[in-house]
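Because only heavy atoms are used, hydrogens play no part in the values below, and waters and symmetry mates are left out as well, while side chains stay in. Indexing begins at 1, ligand by ligand and atom by atom, following the structure's order. Small disclaimer: the values here were computed from a predicted structure and weren't measured.
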Amino acid sequence: MKQMIKVENLNFKSDNNHILKDINFDIYKKDFVGIIGPNGAGKSSLIKCILGELEYTGKITINGKVGYIPQHDDFEKDFPITGSEVVLMGLYKNKKILKGFDDLDKKKVKELLNLLDIEYVFDRQVGKLSGGEYQRLMLARAVIFDPDILVLDEPEAGIDKKGQELFYKVLERLQTEKNMTIILVSHDLSMVFKKTNRVMCLNKTLHCHKSTKEMTAEDLKILYPDSLEMLVHVENKVKVVDRND
Ligand SMILES: Nc1ncnc2c1ncn2[C@@H]1O[C@H](COP(=O)(O)OP(=O)(O)OP(=O)(O)O)[C@@H](O)[C@H]1O
């Protein structure tokens, strides 16, 4: 299996605060990896190191292009711009927007919006989209240039359960139809356990990185010692019970 990301002896400090300590892991093609950990565990910092946005020590090797959906996007929703123009910004980073797009660009955007089940937002003003539609539009913008690796930092904020189900469905589609490797930071443990094939438990150091099926209650107890009501132990395997179930 092709190795997409290799992280060796990664350390990140800020003002002598050790935020990430001695992190080592590999991620392979078509992995769907969930990164979990409590607030302040260093999940976003790890993502930013992978993206080259922070100065760290150690070595990170990346094989391929990376698409990214940040935790808080700075997009101005009231800006008068259509769904298709937002997606094309992901392709050209503003350069071509003033000149206009060609038919090939438009065809590509249409196909992608179709794959994400939001073909109808093509001509719609961004400010008029629902939270779930907007979230999938941001996904379209992040993957329009066909990245090999897609990184998402807590994409589910503000989206209801149905919107989330749809979102995870289209993520799975990207993984199978476009062979994408996906890395997802999330606090939604029930979704992580349903959808990913590997899980990283992070709290400054990497407590474990293993197949989702092999995760044990002990692995989670290290991260969430005070939240055991969320966990049901099934033959020492973990089932995360959704609070809404
Ligand atoms: N660039 C930075 N400079 C200084 N401190 C930082 C920087 N980035 C993050 N931190 C600190 O590092 C710690 C980890 O933050 P980070 O955002 O990576 O955690 P997280 O696991 O993503 O948290 P959350 O789940 O709350 O989003 C926090 O204490 C944060 O204040």
contact_flag G42 ligand 1 heavy-atom lt 4.0 Å |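 For ligand 1, residue contact (heavy atoms, under 4.0 Å) with G42 is present.
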Are H187 and ligand 1 in contact, using a heavy-atom cut-off of under 4.0 Å?
->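 It does, in that a heavy atom of H187 comes within the 4.0 Å cut-off of ligand 1.
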Go through ligand 1 atom by atom and flag the ones less than 4.0 Å from a non-hydrogen atom of [X].
| X | result |
| --- | --- |
| E154 | 24 (P), 25 (O), 27 (O) |
| I19 | 5 (N), 6 (C), 10 (N), 11 (C), 12 (O), 13 (C), 14 (C) |
| G40 | 13 (C), 14 (C), 19 (O), 20 (P), 21 (O), 23 (O), 24 (P), 26 (O) |
| S14 | 3 (N), 4 (C), 5 (N) |
| P38 | 21 (O) |

Is there a donor-acceptor pair under 3.5 Å between the side chain of R173 and the backbone N or O of L115?
->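 A pair under 3.5 Å: yes.
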Distance-only N or O hit between ligand 1 and A41, under 3.5 Å =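 There is such a contact, yes.
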Taking atom 11 (C) of ligand 1 as the reference point, report whether a protein heavy atom occurs under 4.0 Å from it.
->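 Yes, at least one protein heavy atom sits under 4.0 Å from atom 11 (C) of ligand 1.
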Do protein heavy atoms approach atom 29 (O) of ligand 1 to less than 4.0 Å?
->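 Neighbour list for atom 29 (O) of ligand 1 is empty of protein heavy atoms (cut-off 4.0 Å).
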Just by distance, with hydrogens left out, do T61 and N63 show a side-chain donor and acceptor under 3.5 Å apart?
->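 The criterion, which ignores hydrogens and geometry beyond distance, is not satisfied for N63 and T61.
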Is S45 touching ligand 1 with its side chain, its backbone, both, or neither, if touching means heavy atoms under 4.0 Å apart?
->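 The answer is both.
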Measure the acute angle between the ring planes of Y168 and F32, then classify it against the limits of 30° and 60° as parallel, tilted or perpendicular.
->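 Aromatic pair Y168/F32 classed parallel.
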Exceeds 12 heavy-atom contacts within 6.0 angstrom, atom NZ of K6 |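 Yes, because the 6.0 Å sphere around NZ of K6 holds more than 12 heavy atoms from other groups.
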So N11 and D22, side-chain hydrogen bond (donor to acceptor under 3.5 Å, both in side chains) or not? Walk me through it.
-> CA-CA 5 Å; N11 282 273; D22 304 330; 3.1 Å; yes
Euclidean distance, Y56 OH relative to L20 CG, rounded to 0.5 Å =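 Here the interatomic distance stands at 11.5 Å.
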